[in-house]
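Report on the structure given below.
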Amino acid sequence: MEIWVLGASGRTGRAITAELERRDVPVVLVGRNQERLAATGAKYVVADGVDAMAAEIRRQRPAVAPARARSAGCSATSSA
């Protein structure tokens with residue numbers, strides 16, 4: 001299972017990505033800055049706005065974990 005990180009080229013997105021990678025969780029970075037995303041060496045999707053991000057998510061249909069799962073004490077795990 002891959003985790004898509006929206007806003008991955010920003011400061012918070014980079015921190016989240018670093019933590020997921022530290023835990024060996026495969027990530028797909030989603031953001032507007034192709035140069036920053038490409039520099040990571042990770043799989044990425046460039047989307048220059050909300051509509052483009054939504055279209056790419058609809059096209060690829062990644063698995064989604066609701067944000068409230070974390071507040072309920074759940075965590076994302078990867079099983080291959």
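- Between Pro62 and Ile57, the closest heavy-atom pair is CD-O, 3.4 Å.
- Residues Ile3 and Val28 form no side-chain contact, since every pair of their non-hydrogen atoms from C-beta on lies 4.5 Å or further apart.
- Residue Arg14 places its CZ atom among more than 12 non-hydrogen atoms of other residues, nucleotides or ligands, all under 6.0 Å distant.
- Between Arg32 and Asp48, the shortest heavy-atom distance links the atoms CG-CA, 3.8 Å.
- How far CG of Leu6 is from OG1 of Thr12: 12.5 Å, rounded to the nearest 0.5 Å.
- Summarising the geometry of Trp4 relative to Gln60, their closest heavy-atom pair is CZ2-OE1, 3.4 Å, with the distance given to 0.1 Å.
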Q: Assess whether side chain to side chain contact (heavy atoms under 4.5 Å, CB included) is satisfied between Val27 and Glu21, documenting all intermediate values.
A: CA-CA 7 Å; Val27 295; Glu21 288 177 336; 3.7 Å; yes
Q: Evaluate the criterion side chain to side chain contact (heavy atoms under 4.5 Å, CB included) for residue pair Thr40 and Leu29; output intermediate values, then yes/no.
A: CA-CA 9 Å; Thr40 67; Leu29 310 181; 3.3 Å; yes
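- The CG atom of Leu37 sits 9.0 Å away from the OG1 atom of Thr17 when rounded to the nearest 0.5 Å.
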(Q) What verdict does the side chain to side chain contact (heavy atoms under 4.5 Å, CB included) test give for Val30 and Met53, after you've listed the backbone C-alpha separation in whole Å, the side-chain angles of each residue and the deciding distance to 0.1 Å? (A) CA-CA 8 Å; Val30 182; Met53 280 186 198; 3.8 Å; yes
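- When all heavy atoms are compared, the tightest approach of Ser9 to Gly31 is OG-CA, 4.4 Å.
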